[in-house]
Amino acid sequence: MERMERVKRYMEILNKYDEGNSSYNWSILDKLSDEDLYNEEKIMEKINIIQKHQERIENNLNRYPEEIMECVRQRWGLEKFDDSRDKEINQLSPDEVFDHVCNWNGLLGYAATIKTWIGNIYNIKF
């Protein structure tokens with residue numbers, strides 16, 4: 001299926017379920033094969049992920065913002081929207097979370113150095 005056909009199908013799906021046209025929602029639908037884009041069961045799995053994500057954004061019960069949670073989830077080998085280990089992530093200290101976020105973003109071993117820079121530049125004590 002050409003990209004424009006996929007885009008049209010994404011719009012149809014998102015409109016049908018009254019979900020917003022966002023890059024996040026598209027990234028969820030991108031996981032579907034061309035065939036799955038017409039499989040109602042597969043579509044509903046993705047719509048449920050979208051709705052659950054929106055609920056998390058609106059009623060953030062996590063200790064850390066969703067963007068940070070997504071980094072840690074992926075660092076742990078989960079999909080960014082897989083909240084199955086959020087309880088564990090919420091129990092991590094800010095230092096542990098910062099380390100995971102730095103490592104996920106390719107700054108391996110730099111968490112302490114970055115914190116020192118921030119502390120020195122902004123005169124913040126950690």
Side-chain angles (χ1 to χ4, degrees):
M1 180 182 296
E2 298 284 327
R3 184 66 180 164
M4 287 308 296
E5 292 174 87
R6 287 186 70 87
V7 166
K8 183 180 177 198
R9 183 64 185 144
Y10 290 178
M11 297 299 294
E12 291 170 357
I13 292 167
L14 293 171
N15 286 336
K16 178 179 179 180
Y17 293 98
D18 199 27
E19 297 301 331
N21 181 17
S22 70
S23 60
Y24 186 90
N25 292 352
W26 282 39
S27 71
I28 304 269
L29 295 177
D30 271 339
K31 306 264 187 227
L32 293 171
S33 69
D34 290 351
E35 184 178 302
D36 288 344
L37 283 171
Y38 292 93
N39 179 322
E40 201 60 34
E41 185 177 319
K42 297 288 186 180
I43 291 169
M44 280 311 301
E45 288 174 11
K46 301 304 180 190
I47 292 297
N48 286 333
I49 291 169
I50 290 168
Q51 290 172 342
K52 196 171 183 182
H53 174 262
Q54 188 60 37
E55 184 178 319
R56 277 195 311 269
I57 297 297
E58 291 171 2
N59 309 304
N60 187 15
L61 302 176
N62 288 317
R63 181 176 179 188
Y64 303 103
E66 183 65 14
E67 181 179 355
I68 299 301
M69 298 295 286
E70 289 175 1
C71 287
V72 178
R73 291 176 191 134
Q74 290 174 98
R75 172 81 172 136
W76 286 6
L78 303 170
E79 292 288 332
K80 69 180 181 180
F81 42 77
D82 180 350
D83 63 355
S84 63
R85 296 183 64 193
D86 280 7
K87 186 175 180 178
E88 293 173 70
I89 296 170
N90 283 314
Q91 294 174 354
L92 297 175
S93 71
D95 286 337
E96 291 170 309
V97 170
F98 190 69
D99 190 54
H100 284 301
V101 170
C102 285
N103 288 331
W104 176 249
N105 286 285
L107 302 168
L108 302 172
Y110 277 90
T113 301
I114 293 169
K115 282 176 52 179
T116 300
W117 293 339
I118 292 169
N120 291 339
I121 293 168
Y122 294 100
N123 198 24
I124 296 171
K125 303 270 189 247
F126 289 102

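In this text, all values refer to a predicted model and were calculated from it rather than measured experimentally. Values below: every heavy atom of this structure, side chains too, minus hydrogens, waters and symmetry copies. Residue numbers run from 1 in the order of the sequence given.
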Practice item. Apply salt bridge (Lys or Arg N to Asp or Glu O under 4.0 Å) to the pair Lys52 and Glu55, showing each step before the final yes or no. Key: CA-CA 5 Å; Lys52 196 171 183 182; Glu55 184 178 319; over 6 Å; no

Check your understanding: Checking salt bridge (Lys or Arg N to Asp or Glu O under 4.0 Å) for the pair Lys31/Glu79: CA distance, chi angles, key distance, verdict?
Key -> CA-CA 11 Å; Lys31 306 264 187 227; Glu79 292 288 332; 3.6 Å; yes

Exercise for review: Assess whether salt bridge (Lys or Arg N to Asp or Glu O under 4.0 Å) is satisfied between Asp36 and Lys46, documenting all intermediate values.
Suggested key: CA-CA 10 Å; Asp36 288 344; Lys46 301 304 180 190; over 6 Å; no

Exercise for review: Before giving the answer on salt bridge (Lys or Arg N to Asp or Glu O under 4.0 Å), spell out for Asp34 and Arg6 the whole-Å C-alpha distance, their side-chain angles and the decisive distance to 0.1 Å.
Suggested key: CA-CA 8 Å; Asp34 290 351; Arg6 287 186 70 87; 2.5 Å; yes

Check your understanding: Passes side chain to side chain contact (heavy atoms under 4.5 Å, CB included), Asn62 versus Ile89? Steps please.
Key -> CA-CA 9 Å; Asn62 288 317; Ile89 296 170; over 6 Å; no

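Put simply, SG on Cys71 and CH2 on Trp104 are 8.0 Å apart, with the number rounded to the nearest 0.5 Å. Summarising the geometry, atom CG belonging to Leu29 is positioned 7.0 Å from atom CG belonging to Asn25; distances are rounded to the nearest 0.5 Å. Atom CG of Asn21 and atom CG of Asn15 lie 8.0 Å apart (nearest 0.5 Å). If you take CE on Met69 and CD on Gln74, they are separated by 12.5 Å, rounding to the nearest 0.5 Å. To the nearest 0.5 angstrom, Ile50 atom CD1 is 10.0 Å from Gln54 atom CD. Considering CD of Glu96 and NE2 of His100, their distance stands at 6.5 Å, rounded to 0.5 Å.
In the displayed structure, Asn123 atom CG is contacted under 6.0 Å by at most 12 heavy atoms of other residues, nucleotides or ligands. Around NZ of Lys115, the count of heavy atoms belonging to other residues, nucleotides or ligands within 6.0 Å exceeds 12. Within a 6.0 Å radius of OH in Tyr64, other residues, nucleotides and ligands contribute more than 12 heavy atoms. Within a 6.0 Å radius of CD in Glu35, other residues, nucleotides and ligands contribute 12 heavy atoms or fewer. Within a 6.0 Å radius of CG in Asp18, other residues, nucleotides and ligands contribute 12 heavy atoms or fewer.
A salt bridge links Asp30 with Arg3; the closest basic N to acidic carboxylate O contact falls under 4.0 Å. Classification of Glu88 and Arg85 as a salt-bridged pair holds, one side-chain N sitting under 4.0 Å from a carboxylate O. Electrostatic pairing of Glu70 and Arg56 does not count as a salt bridge here, judged by no charged N lying under 4.0 Å from a carboxylate O.
In this structure a side-chain-to-backbone donor-acceptor pair under 3.5 Å is present from Asn105 to Val101. Of the possible polar contacts, none joining the Gln51 side chain to the Asn48 backbone as a donor-acceptor pair under 3.5 Å is found.
Residue Pro65 comes nearest to Asn60 through the heavy atom pair CA-ND2, 4.0 Å, listed as atom of the first residue, atom of the second, then distance. A pairwise comparison of heavy atoms in Gly109 and Asn103 identifies N-OD1, 3.2 Å as the closest pair. The shortest heavy-atom contact between Cys102 and Ala111 is SG-CA, 3.9 Å. Across Glu41 and Asn39, no two heavy atoms sit closer than the pair N-OD1, 2.9 Å.
Between Tyr24 and His53, the angle of the ring planes stays under 30°, which puts this pair in the parallel group of the 30/60° scheme.
A cation-pi arrangement is found for Arg9 relative to Tyr38, the charged atom lying closer than 6.0 Å to the ring centre and inside a 45° cone about the ring normal.
Counting heavy atoms from C-beta outward, Pro94 and Arg63 have side chains that approach closer than 4.5 Å. In this structure, the side chains of Ile47 and Ile13 come closer than 4.5 Å at one or more pairs of heavy atoms.
Grouping the Ile, Leu, Val, Met, Phe, Trp and Tyr side chains by contacts below 4.5 angstrom, directly or via other members, places Leu108 apart from Val72. Note on Ile68 and Leu92: same hydrophobic cluster, where clusters join Ile, Leu, Val, Met, Phe, Trp and Tyr whose side-chain heavy atoms are under 4.5 Å apart, directly or indirectly. Under the 4.5 Å side-chain heavy-atom criterion for ILVMFWY residues, a single connected hydrophobic cluster contains both Tyr10 and Phe81. Hydrophobic clustering of Ile, Leu, Val, Met, Phe, Trp and Tyr side chains at less than 4.5 Å, counting indirect connections, unites Ile49 with Met11. Note: the hydrophobic cluster containing Trp117 does not contain Val97 (ILVMFWY, side chain heavy atoms under 4.5 Å, direct or indirect links).
In this model, a donor atom of one side chain and an acceptor atom of the other lie less than 3.5 Å apart for Asp82 and Ser84.
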